[in-house]
Amino acid sequence: QLQLVESGGRLVQPGGSLRLSCAASGFTLDYYAIGWFRQAPGKEREAIACISSSGGSTKYVDSVKGRFAISRDNAKNTVYLQMDSLKPEDTAVYYCAADGSNVQRTQDICVTPAWAYDYWGQGTQVTVSS
């Protein structure tokens with residue numbers, strides 16, 4: 001069974017840091033671009049970061065640039081999202097997703113539209129509050 005499992009979400013104070021993990025089981029992430037998305041209560045899901053299958057290409061939404069960093073360890077079949085300088089507006093359920101398309105693999109790119117992603121995790125809650 002192909003699964004993505006997010007972990008690392010918790011309550012943290014403003015200005016704090018968290019590292020989220022996205023672990024795959026049942027398949028190897030080597031050939032997949034990975035995206036991180038989040039959905040806050042009452043808001044639409046938004047893409048916040050993505051990383052190509054090799055790790056050579058990344059993208060970030062403007063609201064997290066300079067604060068969040070996406071990385072991957074293909075040997076551990078895991079992708080990470082390091083989140084620093086957290087703000088209350090970062091509060092959301094965070095999801096990772098895998099894009100197995102030939103385009104991303106051959107061009108070593110990642111894309112942000114959610115429709116491009118084939119597999120999704122169940123999400124992990126991040127709450128930023130004092």
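Keep in mind the model is a prediction, meaning the values are calculated, not measured.
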Engineer: Closer than 3.5 angstrom, by distance alone: can the side chain of Thr127 be matched with the main-chain N or O of Leu11 as a donor-acceptor pair?
Structural biologist: no
Engineer: Does the plane of the ring in Tyr119 sit parallel, tilted or perpendicular to the ring in Phe27? Use 30° and 60° as the thresholds.
Structural biologist: tilted
Engineer: Donor-acceptor check, side chain of Asp118 to backbone of Gly100, threshold 3.5 angstrom: yes or no?
Structural biologist: yes
Engineer: Once the angle between the rings of Tyr95 and Trp120 is folded into 0 to 90°, is it parallel (under 30°), tilted (30 to 60°) or perpendicular (over 60°)?
Structural biologist: perpendicular
Engineer: Would you tell me whether Asp108 and Ser52 have side-chain atoms, one donor and one acceptor, within less than 3.5 Å of each other?
Structural biologist: yes
Engineer: Sub-3.5 Å donor-acceptor pair from the side chain of Gln104 to the main-chain atoms of Ala33, do we have one?
Structural biologist: yes
Engineer: Between Arg105 and Tyr31, does any side-chain donor sit less than 3.5 Å from a side-chain acceptor?
Structural biologist: no
Engineer: For residues Leu4 and Ala24, report the shortest heavy-atom separation together with the two atoms involved.
Structural biologist: CD2-CB, 3.8 Å
Engineer: Return yes if some donor-acceptor pair links the side-chain N/O of Thr91 with the main-chain N/O of Val128 below 3.5 Å, else return no.
Structural biologist: yes
Engineer: If the threshold is 4.0 Å, N to carboxylate O, is there a salt bridge linking Lys87 and Asp90?
Structural biologist: no
Engineer: Do you know which two heavy atoms are closest between Tyr60 and Lys65, and how far apart they sit?
Structural biologist: O-CE, 3.2 Å
Engineer: Are Tyr32 and Leu81 connected, step by step, through hydrophobic side chains (Ile, Leu, Val, Met, Phe, Trp, Tyr) whose heavy atoms are closer than 4.5 Å?
Structural biologist: yes
Engineer: Looking at every non-hydrogen atom in both residues, tell me the closest pair between Val61 and Glu46 and how far apart they are.
Structural biologist: CG2-OE1, 4.5 Å
Engineer: Does a donor on one side chain and an acceptor on the other come within less than 3.5 Å for Ser17 and Asp84?
Structural biologist: yes
